[in-house]
Each structure stands twice: as C-alpha cells, then as structure tokens.
There are 2 protein chains.
Amino acid sequence: MKRPTIADIAARAGVSKGAVSYALNGQRGVSETTRRRILAIAEEIGFNPHSAARALSGAAADTIGLALRRPARVLGFEPFYMELISGVEAELSARGQALMLQIVADADAEIGVYRRWWGERRVDGVLVCDLRVGDPRIPVVTDLHLPAVVVGGPEGVGDVPNVWNDDAMALIETVEYLAALGHRRIARVAGLPDLWHTHVRASAFRGACERLGVTAALTVGTDYSGEEGARATRRLLSGETRPTAVIYDNDVMAIAGLGVAQEMGLTVPGDLSIVAFDDSPLCRLVHPALTALTRDIPAYGALAARHLLAAIAGQPVGSVQDATAKLVPRASTARPTTST
Amino acid sequence: MKRPTIADIAARAGVSKGAVSYALNGQRGVSETTRRRILAIAEEIGFNPHSAARALSGAAADTIGLALRRPARVLGFEPFYMELISGVEAELSARGQALMLQIVADADAEIGVYRRWWGERRVDGVLVCDLRVGDPRIPVVTDLHLPAVVVGGPEGVGDVPNVWNDDAMALIETVEYLAALGHRRIARVAGLPDLWHTHVRASAFRGACERLGVTAALTVGTDYSGEEGARATRRLLSGETRPTAVIYDNDVMAIAGLGVAQEMGLTVPGDLSIVAFDDSPLCRLVHPALTALTRDIPAYGALAARHLLAAIAGQPVGSVQDATAKLVPRASTARPTTST
DNA sequence: CAATTCTACTTATCCGGTTCAGCAGCTCGG
DNA sequence: CCGAGCTGCTGAACCGGATAAGTAGAATTG
C-alpha cells in the first residue's frame, strides 16, 4: 500500500504537481472547478502531505518540544506534569500541532536535546519547565534563536517570554489565614531548593511570617517525594517546640505528612493544621480532607502553549500571568487546640 | 545564525556533498584521513542533519507515537501513564528515538491521529494502549501497515504484536490470599467495563471465588477516578450483606475506598480489608498502608518500546509477557473480625 | 484591432540530505 | 604490458512537497 503523493493526484487529475499544490493549500492559481476535482481525488485516496517534504521546503515542523528533567519515580506520582501536558496537548491538537516529549536526566542532557531538536529542525519551539536560579538553559535557547516559553519563571527571563503564577501571593494569603486562626508557629516543607519558585515561596513565607509576628519554623528542602515529605514532617514534629501548622510545597508531601502526624498520635487539625500547595483529587479523598492551594494546571499548560505558538508566529510576546492559586479550606486546618 | 548543512561542510573540506554524507554515516567510499577531517569540521561547526531531509530520502522518522485516550482529569492523578511514558522514554532516548505524544478524546480521534501520523510519515510506529474488546484500532493499524505494539492486550491481537501482564494470575493470587485469611464475601471495584483487562480480571475473579467457595459481591464498573471509587464503595458497604474485603482496580480508588470506610465508621482492616491493583507511593503513605499488587510500570513501558523498535526493524515479534504483578501485603488486609 | 492584463495553468528550481553510476588513478596478476 | 579490480572520490538523480518564473489563451482596454 504505497502512500499517495501529490504526483499521484496530479496524474489522476490530469494536471501538474504545481496545480495540485496550489489547490490543496488554498492558493490562487487554479479554477474553482479544478480545485474541487483535485480535493475530491485527494480525499478519495486518503492523501496526507509528507511532513518531511513540507518541512524541507522551509515550512514549520508544526511540533513543539517539551523536555522534563525529573526521575520516572517522581513523574509518576506528581500529578502536576501530566496535567500540564494534558493542557498543552489540548491547545496544540486543536491547532494541528504535535508534541514531542523527552525525559532527561540532567541539565546537560536537556541542553543537548534542545541543540539536537534545533539542529534537526524537529521542533518549532520549546517549553522550558522548572526554571532554576541562574538557569543555564536560558542562554542556550537565546543563542540558538530557538523560540521558547518559560513555564513558571520570574517576569522576563532575559529575552525569553514566560507564563507564571503569583506563588508569593498565594503563600502570603495562606500564612495570613493560618495566623488569623491563631497559629503562632508555622513550618514549611519546601521542594527542590534550586528551583526558582522555591526561592519565591521561601522569601514570601519569611516575609509574611515576620510581618505577622509568626515564628517561621525551619523550612526544609525536599525532592517532592512522599518519603522526603514524611521525613521532613517527622523532624519538624520531633523538635521540642513543634509547629502547629505546616505548609507543604505539593500535595503528595502533604498527604505523607498527614500520615506521619497520625502515626505520631497527633490529631489533624486539632494538634496540627496542614495545607498543601497544589490540589489533586487525593487531597479530597484522604481523611481529613486537605486544605489546599488550588490552581487549574491544564489551563496553565494551555496558556503556555498558546503563548509559545504566538512567539513562534513571530508575535511580540512577553510575560503573562496566570490566575493565582486559590486557598480552599477543608478539614485539615483549624484553630490550634494546644499551645506549645 | 544559519544552520549548517552538509554543503557547508563539503565546501570547507573541499570535497563533494556525497563524500560528506558517506563520511558522516560511516559508509565506505572515503579514506580514513578524509573522514576524520570531515568529522572534525562537522563537530566544529555544530552540524546536525536535518531530520526532514533525511526522512525525505526514505529514512525512518526515528520517532514513535503514543496516543492516549483519557480525560486530562484522569491522566493527572493516574500514575500509571506517566510511569509508562517514563519507561518508554528511557528506552527510546537511549536509542536516539523521539516520542510523539497526543491526548485524544475518543476512538475516532485516535484513529484519525494514526492515519495522519502515518500519512505524514511522522512516526515509524505506535504504541496502542488500553485495548478494548473488539478494538477498532487494530484493523486500522493492520490496514495501514503501521508498525504497532499493543500494551496490555491478550496474546496475539490479530497480527499485531503485544506485551502483557498476567492480570488473571495476580487476581487469583489475591483472592486466594483473602480466602485464606478467612474472608467469605469479597467485592471488586472494576475499572472501565469495555477495557480488555477489565474482562480478564472479572472472569479470573469470578472463577477464583467460585472455586474457593467465596461469595463474589457485585463488581461495579468505574472510570478509575476517586469519586467513582468512593461511590462504588459506599454502595457496597451500604448493602445488608456487606463484603469483608474489596479489591480495587487501581490505587486511587482504593485510597478513596479507604476514606469512605473510615467515614462510615468501619475500621480497616478489622471490618474491611482493602487491596489495590497497582501500587504507587501513595499506597504506603495512607493509614493504614494499603496491600497492593505491585508491578514495575516503567519497566513495562521500556519492554513495550523495545518490542516496538524490534517490530519496526522488521524483526519477527509476537507476544511478550512482562512480570506478573506481585501481591505486597501491608496493613490494610487481615482476618475479618466481624462475621456478616 | 493591437496592446495589455488577467486567468489558469505548466515548467523548473529549491530545500538538504542519500545513493547510484561513473571515472580517474593505482595495484596486481598473468 | 594490458586488462581486471580496487580505492576514493565526483556529479547527478531522487525523495515530495512549495514556489517563482514562464506561457498559452481569453478577456479587457485604449
């Protein structure tokens, strides 16, 4: 079953390849009658243009790239990425664009992937996730003139456009809420220390605690896994002056923390209030249901995809802010009953 | 910054394009001296072959496709897919292959994606997931001569090779274990009813229960979401003769079921034993930790990828079995204390 | 009515690789 | 010393589209 080409259509229609090309692409240069005849034949034999041939003639690859740098273990249970990808995909497939995905081990590998994608013209642009402080990927995409959008960076990452959430505001709102409930000693279990948003959240947390006269208990860096979330929680709860509330940088760690609290005989929210950054159905399934900072991650991904497509199209794009995460109070937060 | 082509290398080396092509591809036809000179120049100017030009000359796309048909909502919290993708990716990137991902709404859309990918020569083959009974995708890939590997199908899906787990055996082992503990009334909360493996598990469950003289309580079909898992559990536990053990078709529903049991005042495992099919870190984080059927999903994905690459290479491939899920007893299963 | 413009095409070239046919120049055997 | 066989390269065709340039014939215009 040979795959049909425009030459086949041309032969069947009794015209030249050029005429077929014009007809298929809606260019002027063929009569309406001929165009319809050609389109009918194309439809009949199930013609699809060879993407490589098209790309070779200077057309775009109609593909965008996404390289993720996280171990398989983490990607599995972190709902964030899969939701982000879903959102990106929804936007892309609606516009006939494809997504090329690659999971990489480290920053060098990721840069290598960008260079190869660019050299091979496999993608028109890339989404850069998990921005780090002094991220080495930024100068690379800039040098290559590879269209890119940073997902989650600070306003204006060099010349690279980005989409972002106001994590600082979300965290401040959370601290204010906990302080209003009467908490005077709040801890935070942070994610990977070198991620940009970890810094943003850390300084927002410190600032809010200071302003409200709340003691900010040691915030520890983790890899977002449940294991590390559990370990961090154990350490926090074993100190002589334990916090009455903990804010976790993701939901998996929050659930793990809840387990640890129960295992140590503390009641939630009586002895300990828990807040999760990012909300997944699991936060509602555990008991007590977790208070969480909700945001629409698929929508965030879709926004990033739209932004990247605009950048690829050569439109001037800058920094775009997505909706700030909303605090959804559930059963895991309350006034502290014990005073340390 | 113009991207270098073999013509640029040829000019610099003072040879023809053909010689450069031979040198870069390790073909005979150039002297060792010339080859080294050409490779040095290629390295120096950062040459990468244009994937489209290569593909146009009949080469493979070096890309495989994966279309997933699940709503974003489900993909987010189902660790299965992301772990599978991680495993596939690990195998692919080690062999210089790329992964094209698309999320689709229904079977027709998925078939459309296959046709387009094939017509546009974007992929060399596809992984077909979530096999359904009488799956319409099978005749399509067969007709198109699109190399494909079914992930999780029954042995020999027409002529399409596949990789699979022995879900039946895993389920039988679980029922035997629960029966040995003294359970006489076991329920099962099943996943999507039209998926092939749901049928396999259902008949294995019925058979094992019959053989062991255990009453198989109504098994209900769900969409794998926590909500439906919770609803199904509520119905099961509200009947006059409630089961003393429930087997869930995934871990998310098992966790939701645990929540419902606790909410209804039942103790786990005293009043109700719970087993989850598929194991994620969350199963260990909740209290009590869930007994689960563990399998190495990234390894499963890697196996599928290897198998597909072999099929693409034209090697004769058939049905390959992956390791059977292992029952890992944790704190959610015990002898029943109450007798209904 | 000749000159111009427009329509509806055809022809030819290009994109950047791969690959086949051809061709010097050298080696070697008889 | 001549032809066969090898090495190491060149030139050109080719893949399947896009597109600029050319052209025949009809319609419009001065």
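If you're wondering where the values come from, they're calculated on a predicted model, not measured in any experiment. Labels below follow one simple rule: chain letters A, B, ... track the order of the sequence lines, proteins then strands, and each chain is numbered from 1.
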Interatomic distance where CZ belongs to A:Phe47 and C1' belongs to D:dG16 [whole Å]
8 Å
Please report the distance, rounded to the nearest Å, between CZ in A:Arg121 and P in D:dG17.
20 Å
Take the protein atom CD1 of A:Ile6 and the nucleotide atom P of D:dT19, then report the distance between them rounded to whole Å.
11 Å
note: B:Arg28, atom CZ; C:dT19, atom P; distance rounded to Å ~ 13 Å
May I ask you to verify if any side-chain N or O of A:Ser31 is less than 4.0 angstrom from the OP1 or OP2 atom of C:dT7?
no
What does B:Val20 touch in the nucleic acid at a heavy-atom separation under 4.0 angstrom: a base, only the sugar-phosphate, or nothing?
nothing
Under 3.5 Å, side chain of A:Ser51 to main-chain N/O of B:Glu120, donor-acceptor pair present?
yes
When you measure from the side chain of B:Thr34 to the backbone of B:Val30, do you find a donor-acceptor pair of N or O atoms at a distance under 3.5 Å?
no
Between B:Asp223 (side chain) and B:Leu192 (backbone), is there a donor-acceptor pair under 3.5 Å?
no
Under 4.0 Å, heavy atoms only, any strand: does B:Gly29 hit a base, just the sugar-phosphate, or nothing?
base
Please walk me through it: do B:Val141 and B:Asp143 pass side chain to side chain contact (heavy atoms under 4.5 Å, CB included)?
CA-CA 5 Å; B:Val141 296; B:Asp143 279 3; over 6 Å; no
Would you mind classifying the nucleic acid contact of A:Gly18 as base, sugar-phosphate or nothing, using non-hydrogen atoms under 4.0 angstrom?
base
Relative to the 5' end of DNA chain C, which residue comes earlier, B:Tyr22 or B:Ala52, by the nucleotide with the nearest heavy atom?
B:Ala52
Name the residue closer to the 5' end of DNA chain D, choosing between B:Ala53 and B:Ser16 according to the nucleotide with the nearest heavy atom.
B:Ser16
On the side chain of A:Lys17, is there an atom forming a donor-acceptor pair with the base of D:dG17 - under 3.5 Å, no angle test?
yes
Can you see if the side chain of A:Thr5 gets near the phosphate of D:dC15 - specifically, an N or O under 4.0 Å from OP1 or OP2?
no
Does B:Ser57 make a side-chain donor-acceptor contact with the base of C:dG17, cut-off 3.5 Å?
yes
Which is true for A:Ser21 with a 4.0 Å heavy-atom rule: it touches a base, it touches only sugar-phosphate, or it touches nothing?
base
Nearest-Å distance for atom pair NE2/C1', residues B:His50 and C:dC14
13 Å
Rounded to whole Å, how long is the line connecting atom CD of A:Gln27 with atom C1' of C:dC9?
14 Å
Is it the case that atom CD in A:Gln315 sees more than 12 heavy atoms from other parts of the structure closer than 6.0 Å?
yes
How long is the line joining CD1 of A:Ile38 and P of D:dG17, in whole Å?
14 Å
To the nearest angstrom, the CG-P distance between B:Leu24 and C:dT19 comes to 13 Å
